[in-house]
Amino acid sequence: MERRCSVINTSKLNKELTQLPINEYVFFKSKDVIFSDEVRMICEKNGCGMYGTSWACPPAVDSIQRCKEQCLHYEHAFMFTTATVVKNSYDIQGWIDARREHEKLTDDVAKIFRSYYNNCLILSTEGCSVCKVCTYPNNPCRFPNSMYPATESYGILVMQQAQVCNIKYNNGPNTVTYFSMIFF
Ligand code: SF4
């Protein structure tokens, strides 16, 4: 699905993005991103079990305030989803595979944006799974260009953001929907 931002010429980007297996996407202004300290607090209470395990998660990603400032430093935001069918809600392997595919697609989307814009900020799902064992906290990240912090770690309220952007948060029974965002 193609959605346009009124403030930039997205025609070249759209042409490339529509070649990819993106479910839905939208361009909007960074100033319209919905932040919530509570989202970040769920991270800090180790809601997904990843807190303090990688460079892509709090506390390594910096304070909530600094994360917000980083996002707002950019003028534009882009959000996209993948929607993958799984056997049922207990299909753990299906969820893992869906996330792997989503991260591969995030790499492809990142490559396109980086060919147009320097220093994009790329956020994705649930921390980083690039390396089997993360170097955190003893050594620097091995692949900083492939390491995408989780949207939640930046305090972004994805469910509400999707709603105001007219992007489906849930694509129906037995599907898993993943989100990534790019600031540019
Ligand atoms: S790319 Fe590797 S070293 Fe960097 S955050 Fe991810 S798992 Fe850790």
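Just follow the structure's listing: the first ligand is 1, and inside any ligand the first atom is 1. All residue numbers refer to positions in the sequence shown, counting from 1.
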**Asked** Does C128 bring an N, O or S atom to within less than 2.8 Å of atom 6 (Fe) of ligand 1?
**Response** yes
**Message:** Is any side-chain heavy atom of Y148 closer than 4.5 Å to one of E103?
**Reply:** yes
**Request:** Apply side chain to side chain contact (heavy atoms under 4.5 Å, CB included) to V33 and F183, showing your working.
**Result:** CA-CA 10 Å; V33 170; F183 291 85; 3.7 Å; yes
**Request:** Answer yes or no as to whether an N/O/S atom of C134 is found below 2.8 Å from atom 8 (Fe) of ligand 1.
**Result:** yes
**Message:** Just to confirm my output: which protein heavy-atom neighbour is closest to atom 5 (S) of ligand 1, and how far is it?
**Reply:** M147 CG, 3.4 Å
**Asked** Does a donor on one side chain sit under 3.5 Å from an acceptor on the other, for S63 and Q65?
**Response** no
**Message:** Is it true that Y74 and N119 share a donor-acceptor pair across their side chains at a distance under 3.5 Å?
**Reply:** no
**Asked** Looking at the rings of F179 and Y169, which for Trp means the six-membered one, are their centres under 6.0 Å apart?
**Response** yes
**Asked** Taking only heavy atoms of T135, which atoms of ligand 1 are found under 4.0 Å from at least one of them?
**Response** 3 (S)
**Item:** Contacting atoms of ligand 1, where contact means under 4.0 angstrom from a heavy atom of R142
**Value:** 3 (S), 4 (Fe)
**Request:** May I ask you to list the atoms of ligand 1 that are less than 4.0 angstrom from any heavy atom of C141?
**Result:** 1 (S), 3 (S), 4 (Fe), 5 (S)
**Item:** Contact check, side chains of R66 and E69, non-hydrogen atoms, under 4.5 Å
**Value:** yes
**Prompt:** Which is closest to atom 7 (S) of ligand 1 in terms of heavy atoms, C131, P149, S54, A56?
**Reply:** C131
